[in-house]
Amino acid sequence: MKLLILAGAVSLLVATLRWIYQRFTRISIRHVRGPPNVSFWLGNLPEYHQNQVGETDFKWMDLYGGIVKYKAPFGEDRLMISDAKALQYIFQTAGYNFPKVPERRELSRIITGRGILYAEADDHKRHRKVMLPGFGGPEAKSFHPIFLRCAEQMSSKWQDIINASPNQASVLNIPPWASRAMLDAIGQAAFDYNFGALDDANNELNKAYSNLLKDTFQVLSRSSAAIFVQNLWAYLPLKVLHFVANHSPAMTMHHARYCERVATDIARDLVKEKADALLEGKGKRDIMSLLVKANASEDPNRQLDEQELYDQMRTIMLAGHETTANTLSWALLELTSHPDMQRRLREEIWEKQRELGGSDIQPADFDSMPYLTAITKEVLRYHPVAPMTQRMAGRDDVLPLAMPIILTTGERVHELPVSKGTKFILSIAGYNRNKDVFGADAQVFNPDRWLGESKASVNVGVYANLLTFSAGIRGCIGFRFAIIELQTFLVELLSKFEFTSTPELSKLRREPCGVMAPTIDGQQDDDAQLPLLVKCIPRID
Ligand code: HEM
């Protein structure tokens, strides 16, 4: 405890010195417009973290534009960015000059270890080189039979529940179902291993991963003290920060550490199994086998140490299942809220099934299903489950701007100098609803926007000019995998079920908790919730 108090006092001192330095340093962002400061201790952060996802981003963008100055604790100036050119510069053009912020990076170390999400600069390059061969287009397509098997397994369980219900319709809470199905899918595709989460909800790995991000990150949206403490972390030397993160008695850390133990044990066994299989010439095509194989190369630029391999597995398990599971939930919500869109998508699926004479729809067929593609893009645009990421300037730099901003001095500028150490919220949710990029109706869920020509002048994201999968040198490595998985599930579910609304949907929240999960107002502390009325639908040939 004494150590924690000392750490707090040192942080406070460093924060004050830093503030004085920032205040009088030559490069200053204090003339950028933004919300008035609310508190010296917390700045504008409670408003940002305690509203629903995107609410504050959209409000600030409307009031101040694509670059907004907001306050962090101790009067520190930071920027929220949704301007296309500035984002492109930070994510792509400037290379590794905008690293992740240490306090957020430390949380990701606890959850996924020193895998690719944690690595920086040359280390990150090495991780990516080893990982990329497992994540190309052909590899993602080759996993389709696995995705289909998991989707069919889930839908057959739903059919059993519905058939056993008196009205032949059941209210199903979608997120935990989606989460278990996606955990099984990632297990089989990435590790050739069946976690069995769909068959047994009490499976240890499923328990370890369920609501992991919610338990770790939701605290920021529930407690201003947690915001303050997490921001103090920023001023601790890295070694002290490691110690604090490893030993913090905070409840939020318990789940992360439990998950680390369970997942690392499984990872250790799997890595050994893959390495033995490779030695016997029986290597498979799952991502982990490709990783272990790439790792056996003699080139040190392509090697990960043993712990990094385990951590990579934890990274893939986390990054690859909560994200797709929540995206599927948001997709089903939109299709439920827009019955016309649900009918139109189902018609397209049935039409394709008729055309194929009963054979399964393959990933190659998805490309010739314009409405499925449009729905996929619009769901990803409107509901980016990782709604923001944070970076800091690694050196004094100048951000180019797609749209000029007016400073508080009245000056209009087309680029913005920032000093080393300035921190940014890169607003994925904000960019995806940027009117300069997606048009005046950017705030409306409208899949039809994707059926016309694309007019983007600055291309930012890795898919459809969306920022949902981030962009540039750290863009999501699993985006092709995610899209094929989502489309496989949508085709399976829409062709067999009809989804209608329940009264709880009027109280639905976009909960900020690591990933954006649906919850019900007043029950935010419970697990993710999206109760939908589901009914089997007879095939009309
Ligand atoms: C809808 C689904 C998904 C979304 C919205 C999503 C989003 C993202 C975002 C925003 C990042 C950047 C994080 C940051 O830099 O702060 C990221 C990185 C990453 N994602 Fe995804 N992701 C999805 C699915 C997947 C899947 C299915 C996998 C693996 C099978 C995956 C693996 C990764 C990995 C390994 C990284 C780290 C890349 C790097 O740092 O170089 N993701 N993802």
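Heavy-atom basis, side chains included; hydrogens, waters and symmetry copies ignored. Residue indices begin at 1 and follow the sequence shown. Note that ligands are numbered from 1 as they come in the structure, with each ligand's atoms numbered from 1 the same way.
Side chain to side chain, Arg510 and Gln52 fail the donor-acceptor criterion of an N or O pair below 3.5 Å.
Atom 6 (C) of ligand 1 has Phe469 CD2, 3.7 Å as its closest protein atom, hydrogens excluded (heavy atom only). Annotation: atom 13 (C) of ligand 1 to nearest protein heavy atom, Leu117 CD2, 4.2 Å. When only non-hydrogen protein atoms are considered, atom 26 (C) of ligand 1 lies nearest to Gly320 CA, 3.5 Å. Nearest protein neighbour of atom 32 (C) of ligand 1, counting heavy atoms only, is Ala319 CB, 3.6 Å. For atom 12 (C) of ligand 1, the nearest protein heavy atom (residue, atom name, distance) is Ser470 CB, 3.5 Å.
In this structure the side chain of Leu345 never reaches within 4.5 angstrom of the side chain of Met341, judged on heavy atoms. The closest side-chain heavy-atom distance from Tyr96 to Lys125 is below 4.5 Å.
Separation of atoms OG1 (Thr336) and CG (Leu530) is listed at 7.0 Å; rounding is to 0.5 Å. Put simply, CZ on Phe191 and CD1 on Ile287 are 7.5 Å apart, with the number rounded to the nearest 0.5 Å.
Ring-plane geometry between Tyr209 and His321 is classed as perpendicular, the angle between the planes exceeding 60 degrees on a 0 to 90 degree scale with a lower cut at 30.
The closest approach between Phe135 and ligand 1 falls below 4.0 Å for a heavy atom of the residue. The shortest separation from a heavy atom of Arg391 to ligand 1 is under 4.0 Å, placing the residue in contact. Using 4.0 Å as the threshold, Lys100 has a heavy atom nearer than that to some atom of ligand 1.
Looking at ligand 1, you'll find an N or O of His124 within less than 3.5 Å of one of its N or O atoms. Considering both main-chain and side-chain atoms, Thr323 never comes within under 3.5 Å of ligand 1 through any nitrogen or oxygen pair. Not a single N or O atom of Thr468, backbone or side chain, sits closer than 3.5 Å to an N or O atom of ligand 1. Backbone and side-chain nitrogen or oxygen atoms of Arg128 are examined, and one is located within less than 3.5 angstrom of a nitrogen or oxygen of ligand 1.
By the criterion of a heavy-atom distance under 4.0 Å, the side chain of Val385, and not its backbone, is placed next to ligand 1.
The 12-atom threshold is not exceeded at NZ of Lys85, counting heavy atoms of other residues, nucleotides or ligands nearer than 6.0 Å.
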Under the ring pair (Phe, Tyr, Trp, His ring centres under 6.0 Å) rule, what do Phe481 and Phe143 come out as? Steps first, then yes or no, please.
CA-CA 8 Å; Phe481 187 110; Phe143 295 132; 5.6 Å; yes
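Checked for salt-bridge contact, Glu120 and Lys100 miss the test: no charged N lies under 4.0 Å from a carboxylate O. Taking 4.0 Å as the cut-off between side-chain N and carboxylate O, Asp286 and Lys274 count as a salt-bridged pair.
In summary, the atoms of ligand 1 found under 4.0 Å from a heavy atom of Thr327, numbered by their order in the structure, are 1 (C). Annotation for ligand 1: atoms under 4.0 Å from non-hydrogen atoms of Ile186 are 30 (C).
Here the shortest heavy-atom distance to atom 34 (C) of ligand 1, taken over Ile428, Thr315, Ile477, belongs to Ile477. Of the candidates Leu132, Thr389, Thr324, the one placing a heavy atom closest to atom 14 (C) of ligand 1 is Thr389. Looking at Cys476, Ala190, Ala482, it is Cys476 that brings a heavy atom closest to atom 42 (N) of ligand 1.
The heavy-atom pair separating Leu291 from Gln312 by the smallest distance is CD1-CG, 4.2 Å.
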